[in-house]
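Everything quoted here is computed from the prediction, not taken from an experiment. Every chain is numbered from 1, with letters handed out A, B, ... down the list of sequences.
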Protein chains: 2
Amino acid sequence: MRDKNPEKRIRILDAALKVFATRGFYNAKVSEVAKEAGVADGTIYLYFESKDALLIALFEDRMQRLIARANDEIARTEGTVLDKIRQAIALHLSLVLDDPDLAEFITVELRQSGKFVKEYDNPKFTEYLRIFRDLVLAGQEQGLIRRTVDARLVVRAIFGALDELLLTLSLTHRNRSVDLNATVDGLCDIFFDGIRARPAH
Amino acid sequence: MRDKNPEKRIRILDAALKVFATRGFYNAKVSEVAKEAGVADGTIYLYFESKDALLIALFEDRMQRLIARANDEIARTEGTVLDKIRQAIALHLSLVLDDPDLAEFITVELRQSGKFVKEYDNPKFTEYLRIFRDLVLAGQEQGLIRRTVDARLVVRAIFGALDELLLTLSLTHRNRSVDLNATVDGLCDIFFDGIRARPAH
DNA sequence: CAACGCTGAATGAGCGTTCATTCGGTTTCG
DNA sequence: CGAAACCGAATGAACGCTCATTCAGCGTTG
């Protein structure tokens, strides 16, 4: 189940992403994934236990890559913790253009996985959130981020906003061309400084 | 299809909410909804065209109620536009305790509806977002909210945060008792004033 | 030729939907 | 007024189709 032909396993995962993203997990047929991968239906079952297991493996794989990329880009980013948060936000939103299938997959399918793929609590997702949380905590220690805000809440709020935006962008970017930079700047502006008008002083 | 017995139609919708929320739309059987409603399987089809149509009708119905409640509570709320936004946030999050099934339904099923229930673009959802947008726009006209932020983006960010929070709360509140007020205050603090530490002056 | 990866047609369980039948209520008629 | 005829909502067993999964056989390799 594990090895055999690693390249074929990858082809199946790639195909699954494409098919699940376009048709949705429940509407997708295993035979469609097989066809897209250029493989026989039965071959899928030489590499994955079941359709559910394929879904989970796909999560693990893609989240792992996203985590690696995020850590990497954050490490590369010069500047304050706030700059690093901006970079993480930019990376997340860039998925719409970089990998639209992954964007749709994450925004739509991630929701159910926790709830309906039994006993799977999605550790990779938690790990991804931890990246943001660590940045916020570091910012608070450095005095760059207010200590009165709850880091956990900030992370949920930011991720929620990103997720919703990614979904909206995914569903509309066929038409309009998107200015991601403007969106990233706008979001950071909101989260960093709030929407309340400050009296001149 | 429309009437016959309106009370029975309501029973079916209530049952559908319960079953869809606990098992998920795709895992839920029509026969389970029928059983929960105390009706025969075939009766469902006297009131709704199909399982999909039942899902959509459920959306319409529940979103309509939510919109009505939000408009009502906002109208009742004394104070500035920011106070009204706080009230709308509080209402949304209060679903976890008030109507946990509806909370799970909205957070999990709303995601797919746009994408997979064909040609259904969910006008009620748009209407719900408009409530927030109008508040933000009013706030900008009154000089209470910065004019430089994009109202549409603010609304998406707030709704995204609310949605994510509602999901998290739904999945965990079995264990911990939740302090909703603290969460609402925390969120408003973040969105109103941002997370950046302001230098003393 | 043994072992193994792979194939894809066959299987059969699951489930949305249908429809012949039931039955409580209402109207018609003697 | 009582009975017969009718109505149509409700029922739930049965249908038929859709896949996830299996497995007997094929080609390939060492």
Side-chain angles (χ1 to χ4, degrees), chain A residues 1-59 105 108-109 112-113 115-120, chain B residues 1-59 105 108-109 112-113 115-120:
Chain A
M1 176 73 56
R2 216 71 276 265
D3 319 288
K4 313 201 188 215
N5 186 340
E7 180 266 333
K8 191 161 287 188
R9 187 187 142 90
I10 289 168
R11 278 225 314 280
I12 295 172
L13 285 173
D14 289 348
L17 175 59
K18 188 167 181 177
V19 176
F20 290 172
T22 36
R23 317 233 320 131
F25 177 71
Y26 287 104
N27 294 312
K29 302 176 208 175
V30 172
S31 64
E32 288 177 315
V33 175
K35 192 174 186 183
E36 176 71 32
V39 158
D41 296 6
T43 305
I44 305 263
Y45 290 86
L46 297 176
Y47 291 86
F48 303 94
E49 288 251 335
S50 63
K51 192 187 177 191
D52 279 4
L54 173 58
L55 178 69
I56 291 176
L58 184 55
F59 267 130
F105 180 70
V108 176
E109 307 298 335
Q112 285 124 311
S113 69
K115 202 157 174 346
F116 302 121
V117 181
K118 57 250 159 201
E119 18 238 69
Y120 174 59
Chain B
M1 175 74 56
R2 214 74 273 264
D3 315 295
K4 315 204 184 213
N5 184 342
E7 179 266 334
K8 191 161 288 191
R9 187 186 143 89
I10 289 168
R11 278 225 314 281
I12 294 172
L13 285 173
D14 288 349
L17 175 60
K18 188 166 182 178
V19 175
F20 290 171
T22 36
R23 317 233 324 129
F25 178 70
Y26 287 105
N27 293 313
K29 303 176 209 176
V30 172
S31 64
E32 288 177 314
V33 176
K35 193 175 184 181
E36 177 71 33
V39 207
D41 296 7
T43 306
I44 305 260
Y45 290 86
L46 297 178
Y47 292 85
F48 304 95
E49 287 252 335
S50 64
K51 194 187 176 190
D52 279 3
L54 174 57
L55 179 70
I56 290 176
L58 184 55
F59 267 129
F105 180 70
V108 175
E109 308 297 337
Q112 285 125 310
S113 67
K115 204 160 170 341
F116 302 121
V117 180
K118 58 251 159 199
E119 21 234 69
Y120 173 58

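- Look at CG on D41(A): it is 9 Å from C1' on dA20(D), rounded to the nearest Å.
- In this structure, the separation between CZ on R9(B) and CD1 on I44(B) is 11.5 Å, given to the nearest 0.5 Å.
- Between the C1' atom of dC19(D) and the CZ atom of F25(A) lies a distance of 12 Å, rounded to the nearest Å.
- In terms of the salt bridge (charged side-chain N to carboxylate O under 4.0 Å, His left out) criterion, residue partners of K18(B) (sequence neighbours excluded) are, by chain and number, E36(B).
- Proximity of T43(A) to the phosphate of dT7(C): a side-chain N or O atom is located under 4.0 Å from OP1 or OP2.
- Checking dA20(D), dG16(C), dA9(D) against the side-chain heavy atoms of V30(A) singles out dA20(D) as nearest.
- Here the side chain of K29(B) is nearest to one of dC15(C), dT17(C), dT21(D), namely dC15(C).
- K8(A) pairs by the side-chain hydrogen bond (donor to acceptor under 3.5 Å, both in side chains) definition with nothing, not counting sequence neighbours.
- The side chain of Y45(A) contributes no N or O atom lying less than 4.0 Å from OP1 or OP2 of dT7(C).
- The separation between K35(B) atom NZ and dG12(D) atom P is 12 Å, rounded to whole Å.
- The shortest distance between the side-chain N/O atoms of N5(A) and the OP1/OP2 oxygens of dC6(C) is below 4.0 Å.
- In this entry the distance linking CD of E7(A) with P of dG5(C) reads 15 Å, nearest Å.
- Taking atom CZ of residue F20(A) and atom P of nucleotide dC19(D), one finds them 13 Å apart after rounding to whole Å.
- When the P atom of dG8(D) is taken as reference, atom NZ of K8(B) falls 17 Å away, rounded to whole Å.
- Counting any heavy atom pair closer than 4.0 Å across all strands shown, A53(A) reaches no nucleic acid atom.
- Taking every side-chain heavy atom of S50(B) into account, dT17(C) is the closest of dT21(D), dT11(D), dT17(C).
- Picking from dA10(D), dT7(C), dT17(C) the nucleotide with the shortest atom distance to the side chain of A40(A) gives dT7(C).
- The aromatic ring centres of F105(A) and F59(A) sit less than 6.0 Å apart.
- Residues D52(B) and F25(B) have side chains in contact (heavy-atom distance under 4.5 Å, counting atoms from C-beta outward).
- We find that CG of L55(A) is positioned 15 Å from C1' of dA20(D), with the value rounded to whole Å.
- In this structure, R23(A) places its CZ atom 12 Å from C1' of dT18(D), rounding to the nearest Å.
- Contact between the side-chain N/O atoms of Y47(B) and the OP1/OP2 oxygens of dA9(D) is not found at any separation under 4.0 Å.
- When distances are taken from the side chain of V39(A) to each of dT21(D), dT7(C), dG12(D), the shortest belongs to dT7(C).
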